[in-house]
A.B. asks: 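Shown below is the structure under consideration.
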Amino acid sequence: MSIGLRIRYSQMFDEPRPDISSLFQDYSSRDIIGSLAMISDKLLTDGTSKKTQIELLRDISTDYQPELREKVFARAVPLIMDGYVLFALPYIVELVNREFSNFRVLDEAELPEYEGLNMLKAIIAVSDEMTELDTLLYKDTIEAAKLGGDNLIKLLWPHLIKQFEFSNEPNAVLECYKGMAFIFYLERHPKFGSIAKSYFENLECSCGLDYLHRIISIVTEYVKRDQNNNDNYFFNVKVSTYEPVLEALVIDPKEIHDNPAKQFDYRGLKEKPILKIAENHYIIPYWHYLLNAPFNGLIFSFYRNSKIGSLFNPLSKEGSHIDGQDQGLGKFKGVVGKEFSEDVLFKNTIKTCFNRKHETLLFFEDYEKFNPDCYYRKGNHIFIIEFKDYLLSSEVIQSNSYEKIKEEIDKKFVSYTVEANGKEKVKEKGISQLARHIELLAADQELFWKLDVKAANQKLNLKKMNIYPVIIQTNIYFDIPGINDYLNQILQRRLAPTGENFRSVKPFTMINFQYFFDRLLLFANSRLELNQELDYYHHRIDILKRKTQKSFSEEDWFKSLMPFSSFNSENFKRNFEYRRDDLLNEIRNCWLVND
C-alpha cells in the first residue's frame, strides 16, 4: 500500500537537485502532461513492478545520447532490481497538478533537445520533495512510532490516507451502473426531473442515458484494454465530431492557476479530468479521476451546472444566498444519500442478497424506537446493520494530522455534540447507533419476538443468538487499515455488559458497499453466507494479531489491521466465477434500471 523504497536524486545525478519549475519552463505544458499521462497509464495497467519500471525508463530515455543513456541505466537498473521505485502515481499526478497550476503554451519548435532527461529529473526531484516534506511533518510522530502501540497508528493514518486514492482503483463497472441508476432516479424524481432533463439537453443529449453512454464509450475502451493486457498506451482520446459531454469535462488550466482551492488535493483535476489538446482530441492525465465521472462526478457536476442549486440554496429577500455553496451541496448530497444511495442501492441490494424463505429482513423508519437501517436474521445469527454514505473532505485528507482524521472518524461513526436551545446534545452515529439497538434488543425478549415474527413463531431465545454489528459504507477512505479495529474496540467496551443476554456479540465489521455488488448472486443463491464471511475475516485477523505478538513484525502488525475488503474467503475464491455473466442483468433489475 505504501510506495516503498524510492530512488533519490543524489543516487542518479551528481549535481545538486534543481528547482522543478526550471526543468519544464521551456516546454509546452501540453507536451509535459502528455508524457506524464503516458507514464500514469502504464502504471495503472501494469503496476510498479521491476519490469514496468525498466520499460518506462526505456521509453522516457529514447532521445538521450547513447553515453548519457548508458549512464542513467547503469545507475537506475541495479536500484530497481533491489526493489527501489522510480515511477509511482503520487509523483506523476503531483507533477500534472503543478503543470496545470503553471500552464504554458509554447512553440514545439523551440523545445530543448533532451525533454526526456528533464522529465526524469523532475520525477525524481518531486519524489524527493514529497518525501522530505512527509519526513519533516511526521518527524516527532516517526520517533514516537518506534515505541509501537497506538503511536504506530498516529503515523499510519496521516501517511496512508493521502496515498489511498492512488492504491485503490475505482471499479469502472460499479461506477457506471451506479451512474445509470442515479440518472433514472433523477429523471423520475418529482422535483429534480425537469431540471435533469434540461441539464442533459444542454449537453446535446436526448436523455441521461445518452449522456452516460458517451462517457461509458471511453471508459469501456480503457477497461477492455486493461483486461486484454494490451501493450499500447491509452491516454489519447480522439472523436470524430464535436462532443459536448467531453467538453464539459475539459479542464481549464486558467481556473486552476487562478484558484488555489482547485490546486488543493487536485480538486480541479478531479472535477474535470480531461485535457483538450486539439479539435476533437483529448488527453486523460489520470484515468482514476475519469472513472469517477459516471456517478460521483455527475453528482457534483449536476449540482454545479444545473438549476438544482436553487432548490437547496434559496435566495433571501436581499438576494444573497442563505446558505453557502458547500452547505447547499451538502444538503443535496444528503437527499441523494437517503433517497438514492440508501433507498435504491443499499435496500434493494440487501433485499436481493438476503430476502429468502425462513429468513427475516427488516428496514425501519427513523421515528421508530428500534430503528437500525437493517435487521437481518438467518437461523441464530442476527445482523444489526447501519448504512453510511459519507464523503471525507479534502481538508481532512490533506491535514497531515492524526487528530483531525480521528476527530472526523469519531464524528461520522461514533458521536458528535450539537447545540440545541442553548443545550449541548450528543448525536449518536455509526457504532453508537448499533450499540443502542443491540442494548434495546438485549433488554427485551418480547421486543425480539415483536420485531421478528418468524422468531416468535419458533420461540427462539435471544440467549442462543449470535449478534453481528455491521456498518456498510461507500467510501474507500474508510477502508484505511486500523479504522475497523479502532471502532471495534469502542463498540466492544460499550457492549460488554450485554454479552450475557446473547450467545455472543461478534466483533464489529465495516464493509465497503462494493463487496455486495461483487457478490450479489453468490448471496442470493446461498453460495455465500454472511456469518461465515464475517467469521472468516475476524478469524484471520486474530491469527495475525497473535503472530504479531510473537514476531513483533511491523508487517504482521499492518496486516492485522487490514479492512474486511482485503480478505477473500476460501468459499468466495471457489465460487468467484459463479454466474458472472448474469450479475449485471440482476443489478439492473435490483437498482430499477431500464433502457
Side-chain angles (χ1 to χ4, degrees), residues 3-99 102-131 230-236 275 277 283-286:
I3 295 172
L5 298 171
R6 54 165 198 84
I7 295 177
R8 299 187 303 276
Y9 196 89
S10 60
Q11 292 173 292
M12 287 295 299
F13 302 104
D14 298 325
E15 77 270 14
R17 189 177 76 211
D19 176 71
I20 295 172
S21 61
S22 69
L23 294 171
F24 288 156
Q25 65 184 2
D26 296 326
Y27 299 105
S28 168
S29 291
R30 286 190 174 87
D31 294 326
I32 296 298
I33 293 171
S35 296
L36 291 168
M38 177 271 290
I39 297 170
S40 79
D41 179 69
K42 179 77 170 175
L43 291 170
L44 284 172
T45 51
D46 294 347
T48 57
S49 67
K50 296 174 183 178
K51 178 175 179 288
T52 303
Q53 298 288 310
I54 293 174
E55 286 178 352
L56 281 171
L57 182 62
R58 185 180 301 119
D59 290 342
I60 207 174
S61 62
T62 53
D63 60 357
Y64 293 12
Q65 291 181 344
E67 183 179 345
L68 174 62
R69 198 166 190 267
E70 184 178 343
K71 181 179 179 180
V72 166
F73 270 73
R75 293 195 177 188
V77 172
L79 291 169
I80 291 171
M81 298 310 295
D82 281 344
Y84 283 76
V85 170
L86 178 57
F87 302 94
L89 285 168
Y91 310 144
I92 304 305
V93 177
E94 173 65 21
L95 285 175
V96 169
N97 195 53
R98 293 189 187 194
E99 279 303 292
N102 185 31
F103 202 80
R104 302 167 309 285
V105 179
L106 302 174
D107 185 348
E108 290 187 13
E110 299 175 359
L111 291 179
E113 185 176 357
Y114 296 120
E115 177 186 345
L117 178 60
N118 280 9
M119 176 64 71
L120 179 62
K121 288 182 176 181
I123 291 170
I124 302 174
V126 82
S127 74
D128 272 5
E129 279 190 15
M130 294 173 71
T131 304
N230 191 328
D231 289 333
N232 296 323
Y233 294 118
F234 186 60
F235 58 92
N236 276 294
L275 172 65
I277 59 173
I283 280 179
I284 314 297
Y286 182 52

A.B. asks: Any idea which heavy atoms bring Pro90 and Met130 closest together, and the distance?
C.D. replies: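 That would be O-CE, 4.0 Å.
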A.B. asks: Can you find a heavy atom in the side chain of Leu56 that is under 4.5 Å from one in the side chain of Leu43?
C.D. replies: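 Touching, per the 4.5 Å side-chain cut-off.
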A.B. asks: Starting at OG of Ser35, measure out to CG of Asp59 and round the result to the nearest 0.5 Å.
C.D. replies: 10.5 Å
A.B. asks: Please enumerate all residues that pass side chain to side chain contact (heavy atoms under 4.5 Å, CB included) together with Glu67, with sequence neighbours excluded.
C.D. replies: none
A.B. asks: Can you name the closest pair of heavy atoms from Ile123 and Val126 and give their distance?
C.D. replies: O-CG1, 3.3 Å
A.B. asks: Between Ile283 and Asn236, is a side-chain contact (heavy atoms from CB on, under 4.5 Å) present by the stated rule, with each step listed?
C.D. replies: CA-CA 5 Å; Ile283 280 179; Asn236 276 294; 3.7 Å; yes
A.B. asks: State the CD1-CZ distance between Ile33 and Phe24, to the nearest 0.5 angstrom.
C.D. replies: 10.0 Å
A.B. asks: Side-chain contact, heavy-atom cut-off 4.5 Å: Glu70 with Tyr64?
C.D. replies: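 Glu70 does not reach Tyr64 side chain to side chain.
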A.B. asks: Report the distance from atom NZ of Lys71 to atom CZ of Phe13, rounding to the nearest 0.5 Å.
C.D. replies: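 These two atoms lie 8.5 Å from each other.
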A.B. asks: Report the distance from atom CG of Asp31 to atom CG of Leu36, rounding to the nearest 0.5 Å.
C.D. replies: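 Between atom CG of Asp31 and atom CG of Leu36 there are 11.0 Å.
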A.B. asks: Considering all heavy atoms of both residues, which atom of Arg6 and which atom of Gln11 are nearest to each other, and what is their separation?
C.D. replies: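 Scanning both residues, the minimum pair turns out to be O-OE1, 3.9 Å.
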A.B. asks: Salt bridge or not for Arg104 and Glu99, using N-O below 4.0 Å?
C.D. replies: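 A salt bridge is present here (some side-chain N lies under 4.0 Å from a carboxylate O).
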A.B. asks: Can you measure from OG1 (Thr52) to CZ (Phe87) and round to the nearest 0.5 angstrom?
C.D. replies: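 Atom-to-atom, Thr52:OG1 and Phe87:CZ are 10.5 Å apart.
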A.B. asks: Any chance you could measure Leu120, atom CG, to Ile60, atom CD1, to the nearest 0.5 Å?
C.D. replies: 5.5 Å
A.B. asks: Let me have the donor-acceptor pairs involving side chains of residues 75-82, under 3.5 Å, with sequence neighbours excluded, atom names and distances please.
C.D. replies:
| from | atom 1 | to | atom 2 | distance (Å) |
| --- | --- | --- | --- | --- |
| Arg75 | NH1 | Met12 | O | 3.1 |
| Arg75 | NH1 | Asp14 | OD1 | 3.1 |
| Arg75 | NH2 | Asp14 | OD1 | 3.1 |
| Arg75 | NH2 | Asp14 | OD2 | 3.2 |

A.B. asks: Looking at Thr131 and Ser127, what are the two nearest heavy atoms and their distance?
C.D. replies: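 Thr131 and Ser127 have their closest heavy atoms at OG1-O, 2.7 Å.
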A.B. asks: Taking side chain as C-beta onward, heavy atoms only, is Asn102 less than 4.5 Å from Gln25?
C.D. replies: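 They are not in contact (no side-chain heavy atoms under 4.5 Å apart), so the answer is no.
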A.B. asks: Please tell me if the side chains of Ile92 and Tyr286 come closer than 4.5 Å, counting only heavy atoms from C-beta onward.
C.D. replies: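 The answer is no; the side chains never approach within 4.5 Å.
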A.B. asks: Where is the tightest heavy-atom contact between Met119 and Ile32, given as atom of each residue plus distance?
C.D. replies: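 Minimum heavy-atom contact is CE-O, 3.8 Å.
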A.B. asks: Hey, are the side chains of Arg58 and Arg69 touching, using non-hydrogen atoms and a 4.5 Å cut-off?
C.D. replies: yes
A.B. asks: Can you name the nearest heavy-atom pair linking Ile124 to Arg8, along with the distance?
C.D. replies: CG2-C, 3.6 Å
